[in-house]
Amino acid sequence: MRYIGALLPYQLNSKAGLNINSTLLRVLAVMGVLSCMAVTDKSMAQDTLPEEIQDNVPNAALVGEDMFTYYFWDVYLASLYAPNGRYNTEDAFALRLKYQRDLEGKKIAQRSIDEMKKQSSLSQEQAKAWLSKMESIFPDVSDGDVLTGVATKNGTSVFYFNGEKVDSVEDADFTTRFFNIWLGESTSEPKFRKALLGES
């Protein structure tokens, strides 16, 4: 603002200055239009987000996404959403998995608990309880189905299947370990993690 203000006296007292002033006004007008377009685009992006993400993640925006593959097969497209597109474990966030093939819910649960065990020690009793809970939550999936996990600010995990709420787990330790399968530094898929965090 100081720079613009310094130009004004010269602009009011010379023909060249008037041309500069006119150009400046046109530039500011274009910037205003672009700013409005950016706001409109952001609003449209927000409107197109699934309701379960809009309802649980304030100002949700995409952080990053990538296709998880197993050998030559696409398994699911993973998308991470966080407030204003900035992932922070202190805030609510959502991880959306859009499956590309058929999988059994029990196998999803078993793979999840196996990955959680790799992060740090887990008692057999706790592992058994969490596996049982996940088996009751995760359904069999087919190509096009979507599983969404939300981590709330208070450490609760909330799960949705094709937009419908399935169940929740009010256990902050579970929530940390579950989402660390993809987002923790000890994940077995570090390149995939970087893509979700928008770092690659």
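What you see below is based on every heavy atom in this structure, not just the backbone, and it leaves out hydrogens, waters and symmetry mates.
Within 6.0 Å of atom CZ in Arg86, 12 or fewer heavy atoms from other residues, nucleotides or ligands are found, so the atom counts as exposed in its surroundings. A 6.0 Å sphere centred on CD of Glu199 holds more than 12 heavy atoms belonging to other residues, nucleotides or ligands.
Looking only at side-chain heavy atoms (C-beta outward), Ser79 and Leu95 stay at 4.5 Å or farther from each other. The shortest distance between side-chain heavy atoms of Ile181 and Lys118 does not fall below 4.5 Å. The side-chain heavy atoms of Ile113 and Met134, taken from C-beta on, include a pair separated by under 4.5 Å. Side-chain contact between Pro139 and Val166 is absent, with no heavy atoms from C-beta onward closer than 4.5 Å. Trp182 places a side-chain heavy atom less than 4.5 Å from the side chain of Phe192.
Connection of Val150 to Trp130 is not established within any shared hydrophobic cluster, with ILVMFWY side chains joined at heavy-atom distances below 4.5 Å, either directly or through further cluster members. Hydrophobic clustering of Ile, Leu, Val, Met, Phe, Trp and Tyr side chains at less than 4.5 Å, counting indirect connections, keeps Leu77 apart from Val146.
Applying the ring-ring contact (aromatic ring centres under 6.0 Å, His included) rule to Tyr76 yields the partners Phe68, Tyr99; only residues at least two apart in sequence or on another chain are considered.
In this structure, a donor-acceptor pair under 3.5 Å is absent between the side chains of Ser142 and Arg101. Counted by atom type alone, Thr175 and Ser157 present one or more donor-acceptor pairs between their side chains at under 3.5 Å.
With hydrogens and angles disregarded, no donor-acceptor distance shorter than 3.5 Å links the side chain of Asn56 to the backbone of Ile53. In terms of modelled atom types and a separation under 3.5 Å, the side chain of Thr176 and the main chain of Ala172 share a donor-acceptor contact. Using modelled atom types, no side-chain atom of Glu104 and backbone atom of Asp140 make a donor-acceptor pair closer than 3.5 Å. Under a 3.5 Å cut-off, the side chain of Thr69 and the backbone N or O of Trp73 do not form any donor-acceptor pair. Of the possible donor and acceptor atoms, one in the side chain of Asp171 sits under 3.5 Å from a partner among the backbone N and O of Phe174.
Aromatic rings from Phe161 and Phe138 are positioned such that their centres are separated by 6.0 Å or more. The aromatic ring centres of Phe159 and Phe178 sit less than 6.0 Å apart.
Here the straight-line distance linking atom CD of Glu170 with atom CG of Asn154 works out to 7.5 Å at 0.5 Å rounding.
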